[in-house]
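So the structure is just underneath, and the comments pick up after that.
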Amino acid sequence: MTGVIWIVATVLVLFTVGYVGYGRYLSQFVELDDSRETPAHKYQDGQEYVPAKKPVLLGHHFSSVAGGAPIAGPITAALVWGWLPALLWVAIGNPLMGAVHDFMALSSSVRHEGKSIGYIIGEYIGERGKNMFLWFAFLVIILVVAVFSLLVAIILDAYPQAATASLIYIGLALVFGAWLYQLDLPFIPGTVVFVAGVFASVWVGIQFPIALFEPSGFADQAFILLSGEGAWVPGSGLFGANTAMWIIVALGYAFAASILPVWVLLQPRDYLSSFLLYSGVGGTLLAVIVGTFLGTTQGGASALEIQLPAYTSFMGGDLVGVAMPLFPLLFITIACGTISGFHSLVSSGTTAKQLNRESDARLIGYGGMLAEGLLAATALAAVSVIAVTAEGVSGIGAALPNFAEGGGLILTSFGIPMLTGEVFMALVFVSFLLTSLDTGLRLGRYMMEELIGTPDSGVQNAVANKYVNTGIATFAAFLLVSSGQWEQLWPLFGGANQLLAALALLTATVWLANWSDTKQLLTTGIPVIVMTVITVCGLLWLAFVENFQRTLLDTAWRAEASGLEIASSALRLVLALVLIALALSIIKMAYENLQTARDSLLSTDEPAVGSDDD
C-alpha cells in the first residue's frame, strides 16, 4: 500500500520551489515597489480602505479565498478518477496557474486604485466589456453563495459540536474587533487571548453540541434548540429540517456580515480563524509525517496508508453511476484547489483595499493560493485514509463528513482523541466556508454598485442600496439551493468559476500589454488558453450531456421529475450557455485590444494607455 506521506511530500516540494523561484520572478516582473502609496493609505476611510498588518491581511485573504471548494472538489475527484490525477493537477497547476492568477489580480488592482477586475478590464476594452464581466462575476457569486451555504449546513448537521464552536468564535471575533479598533488595546496580548478562546471553543462544542432540529444519522446526541419536526422549514423535505434551517441561518449570517464595516467582523474574524486554518492545514500535514514514522493511536503507521485507487478510468470508476470523462470534468471538479476565479474578486475587491505595502502582494497573493493548494492536499490525504464505499459517496452529505473523520484519524498521530480531531477539522471546514460566504456577498454588492454607477432612477437608486442588492443575491442563492439540485450545481459552479479565472488572467494579460515597455505575455497568456479550453468544453458537456441528453431528452427522467427539477435543469443549461457566450465575447474584445496595444508599442516610443507609468 502507498503511504499518504507521498501526497504531502509532492505538494510541499513543488510549492516551495514555486514560491521561492516563480513567486520572486513575478514580483520583479510587475515591479513591486514599497515606495508607491497603496490604495489602502491613499483612500483610507475606515470602512473599505483600511491598511492591515501583513499577518492580519494574510489571514483575511486566505480565509476568504479558501472556502469549501478545495475540500469538496479534491474529495470528489479522488473518489471518481483516483487520487493520483487529482494530486498532479493540484501540485503542478497551482503554482503555475492558480498562484499566478491570484498574484496578478491583486497586483493589477493595487495599480488601479484598488478597483475590481471588472473596472480594470473596462479601462482597456470599454464599458460594454466591463458590464459583461461584472454580470458574469455576479452570476458566479450567486453560485458560490448557494453551494457554500449548503456545505456549511451539511457540516453543522453532521457535527453539532462544530455548530457550538462556530457560534462562539463568531462572538469572539466581534469582541476582538472592538478590542482592536474601538478600545485600541494591544494587538499581541489580544491575539493570545482570543486565539486561545477560539481553540477552547472546540472543547465547549464537545461538551455542549447544539442542533436546531433533530440532526442526521451522522451526529451523536445534541441539545435541540427548536421544537417540532421542522416540516415548515423550506427544503426540509429535501435535506432534513436541521440542514435546511442551518442553510437559512448561514445565509442570514452572511447577509449581516457582508454589510457591516470590515473592522467589525470581517477583519478580526478572518484573522482569528486563520489560526484555525493554519493549524488545521499545517497540523494535518505535519501529523501525516509524524504518523508515518511514529504511528497513530488508531492502528499505527498502517492507518495512514491510502485506501483509494491511484487511478480508476478515464470515464470514472465504479463509484459513479454515469460516464464522467476525466477531461474536462476533473479540472472543473477540483476547481479552487488549483485555480479559482473567485479569488480574483477577493484580491481586487477587498484585499487590494487593505494592502499595506506592494511587496506584501507576493506572500498574500501568490503564497495565499499555495496555502489553498495545501488545503486541497489536506483534503486528499484525509479522504484517502478512509475506506469509502459506494454508499459513502452517494451524496455530498455523506462524502464531506469523511474529511473531518479522516482528518481526525490523521491527528491521532499527536495523541489527540479521535472525536476532538474530528470536531476540530469540522470547525476548520466551517471557518473556510463562512468567510467565503460573507466575502462573496460583499463582493456581489460591489459589483452591483459598479454596474449601476450613479443612479438616475428610483429603481436604480433602490438596487444600489446595499441592503437591497445584498438581499437580492442572498435570495437568489436560496432559491438555487432550495431547488434540491445542488449535485448539478457543483460542476456548474466549478466550470463558471474557472472560466472566470481565465477572464481574470486575460485582464492581467491586457494590462501587461498596455505597459510602456514590451512585457512578455506568456506567463498569463498560456494559462488563459488552457483554462478557456478546459472550461468551455466542461460547460458544453454539462449543458448538452448532463442537462439536455440525460435529463430533458430522457422521457423516463421527465416522467418522474417534478416541475421544479425540470425548470432547474433547463435553467442550468441556459446559464451554462450564457456564461460561455459572455466569456467568448469578452475574450474577443480583449484580443482586439492586445493587438492594438502591441501595434502601438512597436510603432511609437510613446507610452501606451494604462502603462506602468499611470
In Å, rounded to the nearest 0.5 Å, how long is the span from CD1 of I386 to CZ of F403?
11.5 Å

Taking C-beta and beyond as the side chain, do W246 and V249 meet within less than 4.5 Å on heavy atoms?
yes

From S384 atom OG to Q307 atom CD, the distance as rounded to the nearest 0.5 Å:
9.0 Å

Is there a ring pair (Phe, Tyr, Trp, His ring centres under 6.0 Å) between F187 and Y271? Walk through the geometry before answering.
CA-CA 12 Å; F187 176 72; Y271 176 64; 5.3 Å; yes

Closest approach of A361 to L355 (non-hydrogen atoms, all atoms of both residues):
N-CD1, 4.1 Å

How many angstroms lie between atom CG of L304 and atom CZ of F293, to the nearest 0.5 angstrom?
11.0 Å

Show the numbers, then the answer: is there a side-chain contact (heavy atoms from CB on, under 4.5 Å) between I141 and F342?
CA-CA 8 Å; I141 286 293; F342 177 71; 3.7 Å; yes

Answer yes or no: is there a donor N or O on one side and an acceptor on the other, between the side chain of Q498 and the main chain of A496, under 3.5 Å?
no

Can you confirm whether I364 sits close enough to F103 that some side-chain heavy atom of one is under 4.5 Å from a side-chain heavy atom of the other?
no

T420 side-chain N/O to I416 backbone N/O, donor-acceptor pair under 3.5 Å
no

Main-chain N/O of I7 paired to T10 side chain as donor or acceptor, under 3.5 Å
no

S413 side chain vs I410 backbone, donor-acceptor pair below 3.5 Å:
yes

For G316, is there any backbone N or O sitting under 3.5 Å from a side-chain donor or acceptor partner on S313?
yes

Nearest heavy-atom pair of G415 and T297: which atoms, and what distance?
CA-CG2, 4.2 Å

Nearest-0.5 Å distance that lies between atom CG in L251 and atom OG in S149
4.0 Å

I'd like to know if the side chain of R442 reaches the main chain of A257, judged simply by a donor and an acceptor atom lying under 3.5 Å from each other, with no hydrogens or angles considered.
yes

Side-chain donor or acceptor of S201 paired with backbone N/O of V198 under 3.5 Å
yes

Do the rings of W89 and F331 sit parallel, tilted or perpendicular, given the 30° and 60° boundaries?
perpendicular

Hey, does the side chain of T164 reach the backbone of F208 with a donor-acceptor pair shorter than 3.5 angstrom?
yes

When rounded to the nearest 0.5 angstrom, what distance separates CG in L12 from CG in L374?
6.0 Å

Do you know which two heavy atoms are closest between A379 and P70, and how far apart they sit?
CB-O, 3.9 Å

Residue pair M369 / V65, side-chain heavy-atom distance below 4.5 Å
no

What distance do T296 atom OG1 and L411 atom CG have between them, rounded to the nearest 0.5 Å?
11.0 Å

Verify the distance criterion only: is there a donor paired with an acceptor across the side chains of N497 and S340 at less than 3.5 Å?
yes

Taking only residues two or more places apart in sequence or in another chain, which ones pass salt bridge (Lys or Arg N to Asp or Glu O under 4.0 Å) with K54?
D360

Please tell me if the side chains of V20 and Y25 come closer than 4.5 Å, counting only heavy atoms from C-beta onward.
no

Quick check against the 3.5 Å criterion: does T338 have a side-chain atom that pairs as donor or acceptor with the backbone of I334?
no

What do the steps show when you test Y311 against W81 for ring pair (Phe, Tyr, Trp, His ring centres under 6.0 Å), and what is the final call?
CA-CA 6 Å; Y311 176 71; W81 297 285; 9.8 Å; no

Between L96 and P527, is there a side-chain heavy-atom distance shorter than 4.5 Å?
no

Work out which heavy atom in L370 is nearest to a heavy atom in A99; give both atom names and the distance.
CD2-CB, 4.3 Å

Taking the side chain as C-beta and beyond, is there a heavy-atom pair between V430 and L151 under 4.5 Å?
no

Verify the distance criterion only: is there a donor paired with an acceptor across the side chains of H343 and E372 at less than 3.5 Å?
yes

Spell out, as yes or no, whether a donor-acceptor pair under 3.5 Å connects the side chain of W179 to the backbone of P186.
yes

Are any of the side-chain heavy atoms of P85 and L326 separated by less than 4.5 Å?
yes

Would you check, one step at a time, whether the test side-chain contact (heavy atoms from CB on, under 4.5 Å) holds for L505 with I339?
CA-CA 11 Å; L505 283 164; I339 182 171; 3.9 Å; yes

Could you check whether any side-chain heavy atom of P95 comes within less than 4.5 Å of a side-chain heavy atom of Y366, counting everything from C-beta outward?
yes

After noting the C-alpha distance and the side-chain angles of L26 and R362, does the key distance pass the side-chain contact (heavy atoms from CB on, under 4.5 Å) rule?
CA-CA 8 Å; L26 289 173; R362 179 187 175 196; over 6 Å; no

